[in-house]
Amino acid sequence: MRRYSRITGTGSYLPPRRLTNADLVAELAAQGVETSDEWIVERTGIRARHFAAPGVYSSDLGAEAAKNALAAAGVDAKDIDLIIVATSTPDMVFPSTAAILQHKLGIAGCPVFDVQAVCSGFVYALTVADAMIQTGSASKALVIGAEVFSRILDFKDRTTCVLFGDGAGAVVLEASDTPGLLSSDLHADGKHVGILCVPGHVSGGKVLGDPLLKMDGQAVFKLAVGVLEDAARAALAKAGKTEADIDWLVPHQANIRIMQSTAKRLKLPMSKVVVTVDQHGNTSAASIPLALDSAVRAGQVKKGETLMLEGVGGGFTWGAVLLTL
Ligand code: ACO
């Protein structure tokens, strides 16, 4: 009998400090940076975001999200046999955030590693975990997206610092006789490195280059809409499905306008799109599992429904996963 993977529980965690646009506008004004609630809402759909306190890392947020996903799945942490963390804001250069998180869950022994695909990280990580479950390398995986993007924001650059937030989302992915994950379509094109990056690196005990996020917003926007449509269509074709089979689109939460354009191209009404960017901002690799868990807990997305998860981010990377919850 063919072996599949299936999500059996979702969880998420947001750090308690919540800043509305008004809070952020006031903080930025105190530093001489001018922006407004109107501009942020109109161009992005964002109304609030959460920022982690100093000393709180991606592994802390990810561990809390993982505990919530384990509880939802009814799985004991000691039975987990694979942990993959998607993050672009790791706790350390090494070891992996997944190793630190594993210890925070009080377990040891299973393989753990990070995936670095920026905002596409969660769909990449889910695809890898699915492959490992299908081939019998794992049976009960934790797949986590966790970020503290506030650490890499340039709060003097109003074109980027208003867009991002911190948070984590997680799923428990288990081996199953019935599908689960139906198809996946992943891509990258490294020629676009410069339009969205944190160019600094550590060398000789110093940070060389700029360790803060740089983005050409309009270039990102144009690329994002096209590749998200292509990836979603490719994932549908691989599974022998059409747009009509999608109950919910769970896109990377970067910007409401990107989501609206993608939904329109896929002929999906916005009532079938899970939107949390208004409350979370862009949490990069955490945004898709955070949105998924919010929708599950709100009773919006239900077991048995067909979901299209899709992400796009620095690299450029992009991809989609079609699944039955
Ligand atoms: N407050 C007020 N004014 C601002 C702000 C701000 N925070 N930021 C920029 N502006 C001004 C600019 O200076 C510019 O002023 P000017 O016309 O006097 O020069 C004006 O607003 C328009 O700027 P644009 O950059 O043209 O604004 P645009 O409509 O393109 O919106 C945005 C910018 C929201 C970044 C948009 O390009 C976008 O959504 N891009 C997609 C990028 C994205 O979402 N990235 C997230 C990370 S990538 C990912 O996750 C896939």
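Heavy atoms only: backbone and side chains are in, while hydrogens, waters and symmetry mates are out. Read the numbers this way: they start at 1 and go in the same order the structure lists the ligands and their atoms.
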Margin query: If the cut-off is 4.0 Å to any non-hydrogen atom of Phe164, which atoms of ligand 1 fall inside it?
Written below: 46 (C), 47 (C)

Item checked: Nearest-0.5 Å distance, CG of residue Asp60 to OH of residue Tyr13 -> 8.5 Å

Next item on the list: Please name the pair of heavy atoms, one in His280 and one in Thr283, separated by the smallest distance, quoted to 0.1 Å.
Entry: O-CG2, 3.6 Å

Note to self: Looking at non-hydrogen atoms alone, which of Arg158, Arg257, His252 comes nearest to atom 12 (C) of ligand 1?
What the structure shows: Arg158

Checklist line | Inter-residue atom distance Ile288.CD1 - Cys119.SG, 0.5 Å rounding | finding: 9.0 Å

Check: CD1 of Ile256 to OG of Ser261: how many Å apart, nearest 0.5 Å?
Finding: 10.0 Å

Notebook entry, point to check: Side chains of Asn68 and Ser12: closer than 4.5 Å at any heavy-atom pair?
Noted result: no

Check: Would you say the side-chain atoms of Thr160 and Asp157 include a donor-acceptor pair closer than 3.5 Å?
Finding: yes

Check: Starting from atom 48 (S) of ligand 1, which protein heavy atom do you reach first, and at what distance in Å?
Finding: Leu196 CD2, 3.3 Å

Notebook entry, point to check: How does Asn282 reach ligand 1, by side chain, by backbone, by both or by neither, if only non-hydrogen atoms under 4.0 Å count?
Noted result: side chain

Check: Hey, looking at atom 37 (O) of ligand 1, which of Gly217, Gly314, Cys161 has the closest heavy atom?
Finding: Gly217

Next item on the list: Determine, counting only non-hydrogen atoms of the protein, whether one lies under 4.0 angstrom from atom 1 (N) of ligand 1.
Entry: yes

Item checked: Shortest protein contact, atom 6 (C) of ligand 1 (heavy atom only) -> Thr35 OG1, 3.3 Å

Next item on the list: Of all the heavy-atom pairs spanning Lys238 and Ser184, show the shortest one and how long it is.
Entry: NZ-O, 2.8 Å

Margin query: Just to be sure I read this right, does ligand 1 sit under 4.0 Å from the backbone of Asn255, its side chain, both, or neither, counting only heavy atoms?
Written below: side chain

Checklist line | Spacing of CZ belonging to Phe149 relative to CG belonging to Leu213, to within rounding of 0.5 Å | finding: 6.0 Å

Notebook entry, point to check: Starting from atom 22 (C) of ligand 1, which protein heavy atom do you reach first, and at what distance in Å?
Noted result: Arg43 NH1, 3.5 Å

Check: Nearest heavy-atom pair of Thr44 and Val277: which atoms, and what distance?
Finding: O-CG1, 4.3 Å

Next item on the list: Please indicate whether any nitrogen or oxygen in Ser36 is less than 3.5 Å from any nitrogen or oxygen in ligand 1.
Entry: no

Item checked: Flag side-chain contact, heavy atom, 4.5 Å: His201 against Ser203 -> yes

Notebook entry, point to check: Taking heavy atoms and a distance under 4.0 Å, where does Val312 meet ligand 1: side chain, backbone, both or neither?
Noted result: both

Item checked: Closest protein heavy atom to atom 4 (C) of ligand 1, given as residue, atom name and distance to 0.1 Å -> Trp39 CE2, 3.3 Å

Margin query: Does only the side chain of Val118 get under 4.0 Å from ligand 1, or the backbone, or both, or neither? Count heavy atoms.
Written below: neither

Margin query: Under 4.0 Å and counting heavy atoms only, is there anything from the protein next to atom 18 (O) of ligand 1?
Written below: no

Note to self: For atom 35 (C) of ligand 1, what's the nearest protein heavy-atom neighbour? Residue, atom name and distance, please.
What the structure shows: Met215 CE, 4.0 Å

Checklist line | Shortest protein heavy-atom distance from atom 26 (O) of ligand 1, along with the residue and atom involved | finding: Gln218 NE2, 2.6 Å

Checklist line | Heavy-atom protein contact below 4.0 Å for atom 31 (O) of ligand 1 | finding: yes

Item checked: 4.5 Å side-chain heavy-atom contact, Met308 and Trp248 -> no

Next item on the list: Please could you name the atoms of ligand 1 that Cys119 approaches to less than 4.0 Å, counting only its heavy atoms?
Entry: 49 (C), 50 (O)

Next item on the list: Record the part of Thr44 in heavy-atom contact with ligand 1 below 4.0 Å; permitted values are side chain, backbone, both and neither.
Entry: side chain

Next item on the list: Considering non-hydrogen atoms only, spot the tightest contact between Gly145 and Phe122 and give its length.
Entry: N-CD1, 4.1 Å

Notebook entry, point to check: Should you measure from each heavy atom of Thr159, which atoms of ligand 1 turn up under 4.0 Å away?
Noted result: 8 (N), 9 (C)

